[in-house]
Amino acid sequence: MWKVLAQLAVVAPFAHALLRFPCSQLVTQRFDPLVTPGIVSPHVHQIIGGNAFNISMDPNVDISKTSTCTTCKFQEDLSNYWTAVLYFKHPNGSFIRVPQMANQFVGSPNGGMTVYYIQPANNQKVTSFKPGFRMIVGNPMIRTKNVPANSAEARSLTFRCWGANFQSDPSYPHPGTGPLDTIALPPKACAGGIRANIFFPSCWDGVNLNPSDHASHMAYPIGDVPRDGLFFMGGSCPSTHPVRMPLLFMETAWDTRQFNNMWPTDGSQPFVLSMGDPTGYGQHADYVFGWQGDALQRAMDTCTDMSGQPDGCKALHTIPDATMNRCTQQVQVNEVVEGKYISALPGCNPVQNGPNDASMPSSCNAISTTGGVGGPAPTVAPPVVNPPPPVTTPSNPVYTPPPTPANPDAPMQTHYGQCGGQGYNGPTVCQSPYTCKAQNQWYSQCT
């Protein structure tokens with residue numbers, strides 16, 4: 001998609017503002033301070049942004065002033081963003097977290113997401129989010145979606161089934177459009193992985209920063225989504241929500257390639273979101289505003305460079321990938337959520353196919369307190385490993401990692417980054433002291 005946007009910028013100058021930047025992983029654990037403040041969340045989330053993130057997120061605390069680092073490319077962005085985590089269900093019934101990979105043209109972040117702030121294509125003036133602003137999108141409990149197929153509600157939460165090397169349908173490059181983007185999880189193996197697309201509403205009621213449901217203060221623009229999707233939707237805001245704010249959009253690149261040779265022969269869905277959702281309809285995300293001062297407003301007023309490079313926005317300051325990747329938090333819930341096969345999804349989340357809404361188990365013995373965790377926290381999923389007893393060990397062949405290139409000036413991959421695999425054409429040398437280890441024919445990783 002981004003290559004197409006850059007080409008459009010050459011042939012037809014765009015005046016509307018656009019920010020696109022990577023944010024690496026801060027932590028992966030069962031925290032959701034908007035929905036379950038102060039207590040361990042029912043399911044696992046991946047979190048990015050400023051390191052002031054915590055289990056409560058007191059709305060009276062300005063996280064732009066309490067964070068000491070951020071995982072996002074712009075140093076002024078100390079916001080927090082989080083989504084559910086994707087797991088693979090092995091034929092033997094065990095689960096493992098699906099690794100993430102760097103999106104196109106974002107550098108070398110450790111996992112995380114690609115974040116966009118977009119001004120409408122018709123150049124409507126946008127008002128920045130305010131300190132204390134929070135919102136959520138999506139419903140983790142639903143297992144079907146009965147909304148018009150071309151409505152904003154339908155196209156705001158989708159999945160892109162990539163061909164090899166991020167290949168998309170050239171007729172429909174934009175998120176939420178064309179035959180490769182589905183509202184449900186893709187029903188087939190995707191040669192290049194799966195990209196999750198999440199658009200938040202962009203019309204504010206002008207009054208409430210954080211209502212109790214974290215959602216009713218926001219709405220989508222009026223009208224059907226155009227052919228090129230929400231990314232290029234102008235439209236007008238409803239009278240109940242008259243203030244146009246930046247369109248916040250997030251992408252997560254899930255590296256499902258290593259599991260393609262284990263796709264169930266009965267055609268059932270092997271991927272499941274962390275709340276026990278194999279449909280994908282329950283995809284959701286949370287946002288807590290944390291930009292410093294008026295930085296976001298200045299950026300939306302002046303940064304009209306459509307090249308997709310953060311350095312093109314002179315109103316903001318960028319930080320190196322290594323600085324982003326060093327900003328992490330230690331896991332505070334003493335349980336295994338990634339890096340090895342586990343017998344059940346963390347937090348008592350049985351797989352529920354629907355179509356009825358999911359229900360919470362009547363009893364749950366999952367860990368409900370924090371503490372008791374020692375050592376550094378892995379914030380990006382380590383490589384697939386054999387599941388421990390009593391789960392049956394999957395039978396995976398051993399593959400040889402790619403040879404080390406002779407060119408000493410070649411770019412080097414960061415810790416946990418991909419360094420090889422069939423169809424991969426990125427860096428194949430790992431930063432010291434890490435080495436490139438093959439997991440299967442599709443995936444090698446710096447560990």
Side-chain angles (χ1 to χ4, degrees), residues 28-30 42-46 84-101 111 140 143 159 161 184-191 193-194 196 254-283 331 333-354 358-361 363-367 378 380-400 416 418 421-422 437-445 447:
T28 299
Q29 64 181 355
R30 279 196 296 125
H43 58 267
V44 176
H45 292 98
Q46 51 150 342
V85 170
L86 189 67
Y87 283 83
F88 170 74
K89 183 179 180 182
H90 190 272
N92 66 13
S94 60
F95 298 86
I96 192 166
R97 184 198 199 275
V98 176
Q100 290 161 246
M101 56 186 175
R143 296 295 182 268
F159 300 90
C161 184
L185 280 166
K188 62 179 182 179
C190 300
I194 296 172
W254 296 107
D255 193 359
T256 58
R257 295 172 296 177
Q258 61 189 283
F259 306 107
N260 285 350
N261 61 352
M262 292 187 280
W263 193 274
T265 56
D266 63 2
S268 60
Q269 178 60 255
F271 296 108
V272 56
L273 292 169
S274 50
M275 60 283 191
D277 177 17
T279 69
Y281 292 124
Q283 182 174 201
V331 172
V333 183
N334 191 12
E335 62 184 353
V336 176
V337 301
E338 59 185 358
K340 62 193 299 184
Y341 277 93
I342 52 181
S343 59
L345 294 173
C348 299
N349 289 281
V351 176
Q352 299 182 61
N353 294 280
S359 58
M360 298 296 292
S363 61
C364 177
N365 61 357
I367 294 174
V380 177
V384 176
V385 297
N386 291 336
V391 179
T392 303
T393 302
S395 177
N396 289 329
V398 176
Y399 297 94
T400 303
Y416 294 133
Q418 184 179 1
Q422 183 173 323
K437 297 181 181 179
Q439 310 305 318
N440 53 45
Q441 72 183 94
W442 303 102
Y443 192 78
S444 298
Q445 188 176 47
T447 58

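Because only heavy atoms are used, hydrogens play no part in the values below, and waters and symmetry mates are left out as well, while side chains stay in.
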Flag the pair L185 / L86 as yes when at least one side-chain heavy-atom distance between them is below 4.5 Å, and no otherwise. yes

Ignoring hydrogens and angles, tell me if any N or O in the side chain of N353 forms a donor-acceptor pair with the backbone of T279 under 3.5 Å. no

Quick one: does any side-chain atom of R257 pair with a main-chain N or O of W254 as donor and acceptor, under 3.5 Å? no

Under a 4.5 Å cut-off applied to non-hydrogen side-chain atoms, are F95 and V351 in contact? yes

D277 versus G282, closest heavy-atom pair with distance: OD2-N, 2.8 Å

How would you list, by chain and number, every residue that makes a side-chain contact (heavy atoms from CB on, under 4.5 Å) with P361, sequence neighbours excluded? C348, P350

So do the side chains of P270 and M262 get within less than 4.5 Å of each other, counting heavy atoms only? no

Between atom CZ of R143 and atom CD of Q352, what is the distance when rounded to the nearest 0.5 Å? 6.0 Å

Could I get the full list of side-chain hydrogen bond (donor to acceptor under 3.5 Å, both in side chains) partners for D266, not counting sequence neighbours? S268

Correct closest heavy-atom pair for M360 and P42 would be CE-CB, 3.8 Å

With side chains defined as the heavy atoms from C-beta onward, is the minimum distance between W263 and Q269 less than 4.5 Å? yes

Spatial distance of atom OH (Y87) from atom CG (N349) [nearest 0.5 Å]: 9.5 Å

Closest heavy-atom pair and its distance - N260, A191: ND2-CA, 3.9 Å

CD1-OG distance between I342 and S94, expressed to the nearest 0.5 angstrom: 9.0 Å

Considering only heavy atoms from C-beta outward, does the side chain of Y281 approach that of L273 to under 4.5 Å? no

Closest non-hydrogen atom pair between C190 and T256, with its separation: O-OG1, 4.2 Å

Any non-hydrogen side-chain atom of Q46 less than 4.5 Å from a side-chain atom of R97? yes

Distance check, rounded to the nearest 0.5 Å: F88 atom CZ versus I96 atom CD1? 9.5 Å

For the pair R30 (side chain) and I367 (backbone), establish whether a donor and an acceptor sit closer than 3.5 Å, ignoring hydrogens and angles. yes

I need the H45 NE2 to M275 CE distance, nearest 0.5 Å. 7.5 Å

Got P99 and Q258 here, is their nearest side-chain heavy-atom distance under 4.5 Å? yes

